Amino acid sequence: MKKSVFKKSIFALVAMFICSIAINASSPRNYIYDTKEENGKVISKVVFLQEEGLLNKEVKYEFAYNEAGKVTEKKAFRWNKKSGNWEPFYLTTYAYNGASDEINSVYAMWNKSKNDFSLNVQEMNLPVSNYDSIFQ
């Protein structure tokens, strides 16, 4: 009898835990963006999370462009609440190959011990025709 009650109690706790996770996951988050532009190009974007009437810094993106006005670099930073500073998160570089009509994309995460973008380096080639869908 005691084992049966204990099992039911454990089952109820697990069910409540799963329900609370589902409720938290489904609650919409309210993001606000602060975008800075120069000559019609986005050079930085800061993403804030609005919670309980406060704006909390989340992520910052910085963009660099080539002479043709195409994005060559997207650098992301995360806000560190303890230090009050933006910390590097990842870097994606883009190189355009006109001969093959491809965009060579290289992604790397920040390596804190080496102070560079050398973790989890991944490379991908994309058709140039996808440019607008990538950067909009």
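FYI, side chains are in, hydrogens and waters are out, and symmetry mates aren't considered; it's all heavy atoms of this structure. Numbering of residues begins at 1 and proceeds along the displayed sequence. On a predicted model such as this, the values are computed, not experimentally measured, just so you know.
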Stepwise ring-ring contact (aromatic ring centres under 6.0 Å, His included) check, Y90 with F117: CA-CA 7 Å; Y90 71 82; F117 292 98; 8.4 Å; no

Minimum-distance pair of heavy atoms, taken over all atoms of [X] and [Y]:
{"X": "Y131", "Y": "K70", "value": "OH-CA, 3.4 Å"}
{"X": "A108", "Y": "S118", "value": "CB-N, 4.4 Å"}
{"X": "P127", "Y": "I103", "value": "O-CD1, 4.0 Å"}
{"X": "E102", "Y": "V128", "value": "N-CG2, 3.3 Å"}
{"X": "V71", "Y": "F63", "value": "CG1-CD2, 4.4 Å"}

Rounded distance [0.5 Å steps], [atom1] in [X] versus [atom2] in [Y]:
{"X": "K81", "Y": "N85", "atom1": "NZ", "atom2": "CG", "answer": "14.5 Å"}
{"X": "T92", "Y": "E123", "atom1": "OG1", "atom2": "CD", "answer": "12.0 Å"}
{"X": "S105", "Y": "N130", "atom1": "OG", "atom2": "CG", "answer": "11.5 Å"}
{"X": "L49", "Y": "K57", "atom1": "CG", "atom2": "NZ", "answer": "14.0 Å"}

Pair W110-F89, ring-ring contact (aromatic ring centres under 6.0 Å, His included): steps then yes or no: CA-CA 5 Å; W110 182 253; F89 181 40; over 10 Å; no

Between Q122 and N120, a side-chain donor and acceptor under 3.5 Å: yes

E38 CD: over 12 foreign heavy atoms closer than 6.0 Å: no

Within 6.0 angstrom of N39 CG, more than 12 heavy atoms from elsewhere: no

Beyond-backbone contact of R78 with E58, side-chain heavy atoms, under 4.5 angstrom: no

side-chain hydrogen bond (donor to acceptor under 3.5 Å, both in side chains) partner of N104, the single match among N97, N125, T93: N125

Trace of the side chain to side chain donor-acceptor pair (under 3.5 Å) decision for T72 with N66: CA-CA 6 Å; T72 57; N66 63 15; over 6 Å; no

Test side-chain contact (heavy atoms from CB on, under 4.5 Å) applied to V42 and K36, step by step: CA-CA 6 Å; V42 175; K36 292 195 175 32; over 6 Å; no

Audit row: L91, E73, side-chain contact (heavy atoms from CB on, under 4.5 Å) steps and yes/no: CA-CA 7 Å; L91 171 68; E73 185 177 281; 3.2 Å; yes

side-chain contact (heavy atoms from CB on, under 4.5 Å) assessment of S44 paired with T35: CA-CA 6 Å; S44 72; T35 304; over 6 Å; no

Residues clustering with F77 (ILVMFWY side chains joined when closer than 4.5 Å, directly or via others): I32, V46, F48, L55, W79, W86

ILVMFWY cluster, M109 and V106 together (side-chain gap under 4.5 Å): no

Single-linkage hydrophobic cluster, 4.5 Å side-chain cutoff, Y96 and L126 together: yes

Carboxylate-amine/guanidinium proximity below 4.0 Å for E62 and K60: yes

